[in-house]
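Below: the structure, in C-alpha cells.
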Amino acid sequence: MKVTAVAPSNIALIKYWGRRDDKLVLPYNGSISVTLDKLLTKTTVEFSRDYKKDEIVINGERVTGEKLKRALNFINFIRRISGEESPVRVVSENNFPTAAGLASSASGFSALALACSNALDLNLSDREVSILARMSGSGSAARSLFGGFVEWHRGKRSDGSDSYAEQIANETHWKDFRILVSILTTLEKKISSADGMRYTVKTSPFYTGWLKTIKNDLRIVKSSIRKRDFTNLGKTSEHNCLKMHALMISTVPSLIYWMPSTLEVMHKVMELRRDGLECYFTIDAGPNVKVLCLKEDVKKIKKRLKELKSIKELVEARPGRGAYLSKKHLF
Ligand code: DP6
C-alpha cells in the first residue's frame, strides 16, 4: 500500500546532546521542543514486489552513499519488525534546505516512521511511533510527531520503552509565540549530530556539568510553557543553547558550528533586548539562528534582523501541528 506522511521540523528549547545508548538512541537527558508550522517534509512510501530494488529520492535526487545507508538501516529495522520483504520506493520533499541545523532529519525521519508504520499496518500508538522515530538515529524525530510544545523523556529503562515524546501543550495553546528562522547558509554540515555528540560525551570536560543543569532547565521551561511566561522560557532556552555550544566547542576535536554571521545574529538579538524588544536566540548543530519572540514585537524584530546582510532568508514560524497522514501522494 502507498502511504504519504507529512512531518514538521522542530526546534529544541532544551537540547538533546549525547546518547547513553547509541544503538537504541537513548539520550542522556530529556529535551523540549516547539514544533514549527512552516518547515515540512512530505514522504510517500510503497513496499512492492514490482520494484526491483530499494530506491529513495529526496527533493528530486536519488539518494546514495551514507545518506542511503542511514535511511535503509532504519527501513530494514522496520522490515524486521513487520516481516515485510519486498523492495521499497520512498519519495520525499522538504520545503527548506537540508542539514544546515534546520532539523531536516527530524522532519524527514518522523515522516518516514509514520509513513512506513502505516504502510506496513503496524498499528502503533502515537507514543510507539515516536519510539520508532527515535530509533531512526535522528532522536529529535521522535518529537516531530506531536504538535505545539513537546517533551522527549529521557527514560530509565535499558530497553528504551520509556524514552518517548509527549505533548506538553498543543499548537493553539500559545497563539502569540513566534520563531524566526534566520537562514545564513544552506551548506550541509560536515559532522553529523550523531558523531558530534559521541565525541562530546567522550572528550568534553564539561559534559557531567551540563547534565547536572538539565533537570532544572526542563522544569522551568515546562512550567513557562504552561504559564505562557515568555521571559523565563526565553532566558532558560537561550542559556541552555549556550551551554550545549560550550560542550561542542570544548569537544576534541572542537565542534564549532557557528560562523561569523551566527555571532552577528546573536549580538543583534542582545542589542534588540537592550532596546526593549524581547527576543532570545537558539542554535542547533549548525550555523543558522532561530529567534524566539512574541507576535506584538515580530514586525519590529524582523525589520531589525533584515538589516543584517548575512541573513539570506527569514522564515516566520509559529507552533505547528504534529505529523499526519495525507492522501496526496508524491508518485
Ligand atoms: C542539536 O540526531 O536528533 O538539534 O542532526 O537532525 O539528525 P539530526 O538530529 P538529532 O540531533 C539533534 C541535536 C540538536 C538538539 C535537539 O534537537 O535537541
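Note that the coordinates shown come from a computational prediction; the quantities given were computed from them, not determined experimentally. As a basis for the values below, the full set of heavy atoms in this structure was taken, side chains included, without hydrogen atoms, waters or symmetry mates. Residue numbers start at 1 and run along the sequence shown. Whatever order the structure lists them in is the order used to number ligands and atoms, beginning at 1.
Close approach of ligand 1 to Arg70 (heavy-atom distance below 4.0 Å) involves ligand atoms 7 (O). Within the listing of ligand 1, atoms 1 (C) sit less than 4.0 angstrom from a heavy atom of Ala285. Near Gly137, meaning under 4.0 Å from one of its heavy atoms, ligand 1 places the atoms 2 (O). For ligand 1, the atoms lying closer than 4.0 Å to a non-hydrogen atom of Ser105 are 6 (O), 7 (O), 8 (P). Close approach of ligand 1 to Ala12 (heavy-atom distance below 4.0 Å) involves ligand atoms 16 (C), 17 (O), 18 (O). Remark: ligand 1 atoms within the under-4.0 Å shell around heavy atoms of Ser193 are 2 (O), 5 (O), 8 (P), 11 (O).
For the pair Ala194 and ligand 1, no heavy-atom separation below 4.0 Å is found. Contact analysis leaves Ser33 out of contact with ligand 1, as no non-hydrogen atom separation drops below 4.0 angstrom. For the ligand labelled ligand 1, residue Arg134 lies outside the 4.0 Å heavy-atom shell.
With sequence neighbours left out, Thr172 forms a side-chain hydrogen bond (donor to acceptor under 3.5 Å, both in side chains) with Asn170. Judged as a side-chain hydrogen bond (donor to acceptor under 3.5 Å, both in side chains), and not counting sequence neighbours, the contacts of Ser250 are Ser204.
Among the atoms of Tyr16, some N or O lies under 3.5 angstrom from an N or O of ligand 1. Distances between N or O atoms of Trp17 and those of ligand 1 include no value under 3.5 Å. Taking distance alone, with nitrogen or oxygen atoms compared against 3.5 Å, Ser31 stays at or beyond that limit from ligand 1. Not one N or O of Ile14 is nearer than 3.5 Å to an N or O of ligand 1, by distance alone.
Taking a 6.0 Å sphere around CZ of Arg70, one finds it holds more than 12 heavy atoms contributed by other residues, nucleotides or ligands. Counting heavy atoms of neighbouring residues, nucleotides and ligands inside a 6.0 Å radius, atom NZ of Lys2 exceeds 12 of them. Surrounding NZ of Lys38 are more than 12 heavy atoms belonging to other residues, nucleotides or ligands, all under 6.0 Å away. Summarising the local packing, CD of Glu85 is surrounded by 12 or fewer heavy atoms from other residues, nucleotides or ligands at distances under 6.0 Å.
Contacts of His245 with ligand 1, taken as heavy-atom pairs under 4.0 Å, are absent altogether. Neither the backbone nor the side chain of Phe109 has any atom closer than 4.0 Å to an atom of ligand 1 (non-hydrogen atoms only).
Screening Tyr199, Trp258, Tyr257 for a side-chain contact (heavy atoms from CB on, under 4.5 Å) involving Met248 leaves a single residue, Tyr257. Only one option out of Val57, Thr44, Ile75 pairs with Val90 in a side-chain contact (heavy atoms from CB on, under 4.5 Å); it is Ile75.
The existence of a salt bridge linking Arg143 and Glu151 is excluded, since no basic side-chain nitrogen approaches an acidic carboxylate oxygen closer than 4.0 Å. We find that Glu55 and Arg89 are joined by a salt bridge, their nearest charged nitrogen and carboxylate oxygen being less than 4.0 Å apart.
Here atom 17 (O) of ligand 1 lies nearest to Arg143 when heavy atoms of Met244, Met197, Arg143 are compared.
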